[in-house]
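Only one structure is covered here, and it is reproduced in the block below.
Everything numeric here is computed off the predicted structure, so don't read it as measured data. Counting convention: from 1, in listed order, for ligands and their atoms alike. Because only heavy atoms are used, hydrogens play no part in the values below, and waters and symmetry mates are left out as well, while side chains stay in.
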Amino acid sequence: MSAPARPLRVAVIGSGPAGFYAAGALLTADPPAEVDLYDRLPAPWGLVRFGVAPDHPKIKDVSRAFEKIAARPGFRFLGNVEVGRDITPEDLSRFYDAVVYSVGAQTGRHLGIPGEELPGAWGATEFVAWYNGHPDFQDVPFDLDAERAVVVGAGNVALDVARMLALTEEELAPTDTTDAAIEAIIRSPLKEIVVLARRGPAQAAFTTPELKEMGELAGADIAVDPAELDLDAASAAFAEADTNARRNMEVLRQLAARPPAGKPRLVRFRFCVSPVAVLGDERVEAVELVRNRLESDESGHVRAVATDERETIPAGLVFRSVGYHGVPLEGVPFDERRGTIPNEGGLVGEGVYCAGWIKRGPTGVIGTNKKDATETVEMLIEDARAGRLPEAAQPHPAAPLELLAERGVEVVSYAGWETLDAAEKAAGEARGKPRVKRVTWGDLLAAARGEAGRPLSRA
Ligand code: NAP
């Protein structure tokens, strides 16, 4: 092992924020590394394209920073290439001096209660991927034909789901939500969306700007029971000390005091309740809840403990929004319980690193991944300088492309993505939207090839 006399060649797997920030740090290292950024999808940006709610276009603007990174010399995008299917970790170790896995957390956690697999009970991850045009989720049979939906969880994803369900046609029209999702949401007979938090309002994971936004919806009132905002001593002390909790409590109190304006939908917040069963024969008909009391341990951690007080609320839809979970990649170590790749500051093993949610778990905002990925890359560069990287056996940049061509993989280059991007933006311009997404694999690949596609985002 010795530092190669050519530029360091690194593969980054997964082109979401962590992947792009890792690429950025590698391309600006001294001396700069060469980076091949892989993604299984023909389009980059990960959750910025497929996760961030479409009515939050400012958050999606972070993609401009990714475009700047992609413009640096030494950068290549290899879209439509799935590690594990098209190219293996062993192949990668032949072609690159180091590999950074930044594959995120691709599934949602389950509740582990009876009935959660009934039709009508969905993971928030599936719903989010569906309305954001992810090509693997366009055939999921989302049927929003229900008067009440229950969203389980009190994080920002739960608020995204509740808010998306509550948006009006006018609010959805200028977004890049798929046409199928817009149609389903506005045609749905939904009257009430209930957000269930297992702990109290002071422990809610959502952040204040996102909570405030719920109070500003054109088509939905907010209901909060003031009695549920009475805090026990430990929660009150926490809400005093924690800025987000304090601000959340202020907003919740304002919302609780506000009389309903008679808007067509209602978002109801419920605290200290957990679903114990999803009920129904053929599909979801109701959710059985248990009331929780809060108990704090010596460290001050407050946990929910079930009481024997139960209630059943009729509902035709349930969305689990209780956190994301990583999925294992064959040939890469994995911690099943945490859903992450075991690592030390991003180091997994000789020449193998990780960054983002697959490294630290599904927490933090997009910007958190910059520091996270930079930490990983600093370690990688230090290892390279110290001669600790196993030098690639076939470092020629053409080598991975040749292998993928032999295997019949249609690699989408960055130029291909730019062609696809331009086509989506042009279709959007005509309809007053930032873009109209291509939502099937076929349409995505055709647009990346420069072929004219179908004008609408219907699957
Ligand atoms: P999250 O913030 O970790 O929230 C998960 C929620 O699920 C918590 O309220 C948690 O309650 C609850 N939960 C976990 N297990 C549960 C169970 N068995 N039963 C009932 N509730 C349960 O996760 P997230 O909402 O998926 O968001 C992931 C990350 O992305 C977060 O860092 C989030 O801030 C970020 N994000 C940001 C935005 C934005 O900035 N606009 C939008 C979306 C996502 P406990 O606290 O009691 O465990």
Side-chain angles (χ1 to χ4, degrees), residues 16-18 46-62 104-114 116 121-129 131-132 150-164 194-214 235 238 242 244-245 248 269-278 287-297 300-306 318-326 337-340 356-358 360-369 372:
L47 282 185
V48 169
R49 179 175 165 106
F50 296 112
V52 171
D55 65 328
H56 282 167
K58 285 213 177 79
I59 299 184
K60 292 192 190 250
D61 278 351
V62 69
Q106 294 165 45
T107 56
R109 289 175 46 208
H110 282 76
L111 296 166
I113 60 171
E116 70 175 307
W122 304 107
T125 47
E126 296 164 286
F127 184 58
V128 167
Y131 64 59
N132 267 317
V150 166
V151 183
V152 185
N156 281 328
V157 172
L159 293 194
D160 280 347
V161 169
R163 193 181 67 255
M164 283 299 292
V194 188
V195 178
L196 300 182
R198 66 175 169 185
R199 298 192 288 163
Q203 290 82 30
F206 47 66
T207 41
T208 313
E210 283 66 26
L211 174 63
K212 246 189 184 155
E213 210 183 333
M214 299 300 292
S235 300
F238 177 72
D242 182 88
N244 190 61
N248 278 351
F269 285 89
R270 296 283 313 270
F271 294 98
C272 291
V273 279
S274 288
V276 287
V278 179
V287 182
E288 189 181 355
L289 308 179
V290 66
R291 174 152 285 281
N292 299 323
R293 63 186 167 76
L294 298 179
E295 226 173 53
S296 43
D297 61 20
H301 177 76
V302 174
R303 58 188 194 103
V305 181
V318 176
F319 296 95
R320 317 180 294 275
S321 183
V322 294
Y324 285 75
H325 200 259
R337 198 182 57 79
R338 297 189 65 232
T340 54
W357 278 6
I358 198 67
R360 69 173 195 278
T363 59
V365 291
I366 293 168
T368 315
N369 296 297
D372 181 301

Q) So, for Ser235 and Leu294, which heavy atoms are closest and what is the spacing to 0.1 Å? A) OG-CD1, 3.8 Å
Q: Kindly compute the distance separating OG1 (Thr107) from CD (Glu126), expressed to the nearest 0.5 Å.
A: 9.5 Å
Q. Between Asn248 and Leu211, is there a donor-acceptor pair closer than 3.5 Å when you use the side chain of the first and the backbone of the second?
A. no
Q) Is the backbone of Thr363 close enough, under 3.5 Å, to the side chain of Trp357 for a donor and an acceptor to pair up by distance? A) yes
Q. Given Val322, Leu196, Val152, which one has a non-hydrogen atom that is nearest to atom 5 (C) of ligand 1?
A. Val322
Q) Under 3.5 Å, is there a donor-acceptor pair between the side chain of Asn156 and the main chain of Ala205? A) no
**Q.** Heavy-atom nearest neighbour in the protein, as seen from atom 41 (N) of ligand 1, with distance rounded to 0.1 Å
**A.** Glu210 OE2, 3.0 Å
Q) Got the closest protein heavy atom to atom 4 (O) of ligand 1, with its distance? A) Gly155 CA, 3.5 Å
Q) Any protein heavy atom lying closer than 4.0 Å to atom 20 (C) of ligand 1? A) yes
Q: Check whether any side-chain N or O of Arg109 sits under 3.5 Å from a backbone N or O of Gly323 as a donor-acceptor pair, and report yes or no.
A: no
Q.
Among all the protein's non-hydrogen atoms, which is closest to atom 28 (C) of ligand 1, and how far away is it?
A. Pro362 O, 3.6 Å
Q: For atom 43 (C) of ligand 1, grab the closest protein heavy atom and report residue, atom and distance to one decimal in Å.
A: Asp160 OD2, 3.4 Å
Q) Of all heavy-atom pairs between Asn369 and Pro17, which one has the smallest distance, and what is that distance? A) ND2-CB, 4.1 Å
Q.
Between Arg320 and Gly108 (side chain of the first, backbone of the second, donor and acceptor by atom type, cut-off under 3.5 Å), is there such a pair?
A. no
Q) How does Ala304 reach ligand 1, if at all, at less than 4.0 Å between non-hydrogen atoms: by side chain, backbone, both, or neither? A) neither
Q. Nearest protein heavy atom to atom 36 (N) of ligand 1, by residue and atom, and its distance?
A. Asn156 CB, 3.7 Å
Q) How long is the gap from CD on Gln106 to CD1 on Ile358, to the nearest 0.5 Å? A) 7.5 Å
Q: Provide the number and element of each atom of ligand 1 under 4.0 Å from a heavy atom of Thr363.
A: 32 (O)
Q. Closest non-hydrogen protein atom to atom 9 (O) of ligand 1, residue and atom name please, with distance?
A. Ala154 N, 3.1 Å
Q.
Under a 4.0 angstrom heavy-atom cut-off, which atoms of ligand 1 come close to Tyr324?
A. 26 (O)
(Q) For atom 11 (O) of ligand 1, which of the options Arg109, Arg198, His56 provides the nearest non-hydrogen atom? (A) Arg198
**Q.** Shortest heavy-atom approach to atom 47 (O) of ligand 1 - which of Gln203, Arg199, Arg320
**A.** Arg199
Q: Provide, to 0.1 Å, the distance between atom 24 (P) of ligand 1 and the closest protein heavy atom, together with that atom's residue and name.
A: Val157 CG2, 3.6 Å
Q | Gly323 to ligand 1, any heavy atom closer than 4.0 Å | A | yes
Q. Is a side-chain N or O of Asn132 found less than 3.5 angstrom from the main chain of Val52, in a donor-acceptor match?
A. yes
Q: Only heavy atoms count here, so choose which of Ala205, Gly364, Gly361 is nearest to atom 1 (P) of ligand 1.
A: Ala205
